[in-house]
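Each remark here refers to the structure printed beneath this line.
As a basis for the values below, the full set of heavy atoms in this structure was taken, side chains included, without hydrogen atoms, waters or symmetry mates. Counting starts at 1 for both ligands and their atoms, following the listed order. Small disclaimer: the values here were computed from a predicted structure and weren't measured.
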Amino acid sequence: MALQLGDMVPNFTQDSTEGRINFYNYIDGHWAILFSHPADFTPVCTTELGQVAKLKHEFDKRGVKVIGLSVDPLESHRAWVKDIEEVEGTTINFPILADYDRKVARLYGMIHPNADDTFTVRSVFIIDPQKRLRLTLTYPAATGRNFQEILRVIDSLQLTDSKKVATPADWTPGGEVIILPSVPDEDAQRLFPQGWDAKKPYYRVTKL
Ligand code: BEZ
């Protein structure tokens, strides 16, 4: 069965552009994103890997380990990384798994045979420090991902794990948040002394 939210993600050991990686050791109590690419030397993937490299400091700030994957051998990855660095004007500063035998792709359900039985789709997995799956995204091959959105989800997950709130549509950090409907008003008074605006009895918004 496909991985579902809340599942413990499976471990693997695979070669990467930064050496052989044991995934559990690599995560080591951190948040992580694992994202796959259809193949090396493809233009959309080239832009995506360049973009992630440019945003790496934002993932670092949030304590998130970054790891890419493409189903080609290491030598191919090494040559492609040179192209990416040249075209995108950046240094690839995170490992890309060389999943030539599709071991990880199969384990994580990154191959969707009705879309393409050879290449991985554009999957994203956000994994928490307990190695639980917290988000999956699946994009079609011809659509590059929005990594600002992935950072936004990480911000929401980290906030909502630590406070009894949820984040509304199009929320960005600093914006109003929703007090969890399961929190009674008496508890909310203690947790949110700044008060809240009750739009409906089940819908209370506050600023943190
Ligand atoms: C790309 O990464 O550029 C790409 C891959 C597969 C199909 C279309 C585009």
Side-chain angles (χ1 to χ4, degrees), residues 1-5 9-10 12-21 23 26-27 31-60 62 64-127 133-155 157 170:
M1 193 164 87
L3 278 175
Q4 298 189 322
L5 298 192
V9 297
F12 58 81
T13 300
Q14 184 61 290
D15 288 334
S16 86
T17 50
E18 295 190 4
R20 203 157 172 75
I21 284 186
F23 192 49
Y26 180 75
I27 296 178
W31 288 82
I33 76 158
L34 169 64
F35 59 106
S36 61
H37 297 274
D40 290 4
F41 302 104
T42 48
V44 176
C45 302
T46 298
T47 64
E48 289 187 324
L49 287 165
Q51 185 61 8
V52 173
K54 289 172 197 160
L55 289 173
K56 173 72 165 25
H57 65 286
E58 293 291 341
F59 289 102
D60 289 345
R62 294 160 174 83
V64 180
K65 299 271 198 156
V66 174
I67 185 162
L69 174 150
S70 177
V71 288
D72 284 302
L74 199 49
E75 282 320 305
S76 165
H77 280 12
R78 291 213 169 104
W80 184 33
V81 163
K82 284 194 191 133
D83 280 4
I84 300 167
E85 294 186 339
E86 179 195 325
V87 173
E88 295 293 319
T90 186
T91 300
I92 296 301
N93 43 15
F94 56 87
I96 306 171
L97 294 170
D99 198 35
Y100 58 92
D101 55 2
R102 292 160 176 68
K103 180 172 67 186
V104 180
R106 288 203 188 92
L107 198 58
Y108 277 71
M110 295 167 172
I111 295 177
H112 294 201
N114 292 332
D116 190 314
D117 59 6
T118 308
F119 298 128
T120 46
V121 289
R122 291 186 199 286
S123 300
V124 182
F125 300 88
I126 297 180
I127 298 156
L133 181 63
R134 302 298 297 276
L135 167 138
T136 57
L137 281 176
T138 307
Y139 273 46
T143 306
R145 286 159 284 196
N146 181 333
F147 288 92
Q148 294 290 353
E149 167 62 3
I150 291 163
L151 286 167
R152 192 188 77 91
V153 176
I154 291 166
D155 285 334
L157 284 168
D170 296 335

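- With hydrogens and angles disregarded, a donor-acceptor distance shorter than 3.5 Å links the side chain of R102 to the backbone of Y100.
- At a 3.5 angstrom cut-off on N or O pairs, C45 counts as close to ligand 1.
- Cation-pi check for K65 over Y26 is met; the charged atom lies under 6.0 angstrom from the ring centroid and within 45 degrees of its normal.
- Close contacts between ligand 1 and R122 involve ligand atoms 1 (C), 2 (O), 4 (C), 5 (C) [criterion: under 4.0 Å to a heavy atom].
- Note on E58 versus R62: salt bridge recorded, some NZ/NE/NH1/NH2 to OD/OE distance being below 4.0 Å.
- In this structure the side chain of D72 never reaches within 4.5 angstrom of the side chain of W80, judged on heavy atoms.
- Between R152 and E149 there is a salt bridge, since at least one side-chain N of the basic residue sits less than 4.0 Å from a carboxylate O of the acidic one.
- The closest heavy-atom contact to atom 6 (C) of ligand 1, among the options G144, P43, A141, P140, comes from A141.
- Remark: ligand 1 atoms within the under-4.0 Å shell around heavy atoms of V44 are 1 (C), 2 (O), 3 (O).
- Every N/O-N/O distance between P38 and ligand 1 stays at or above 3.5 Å.
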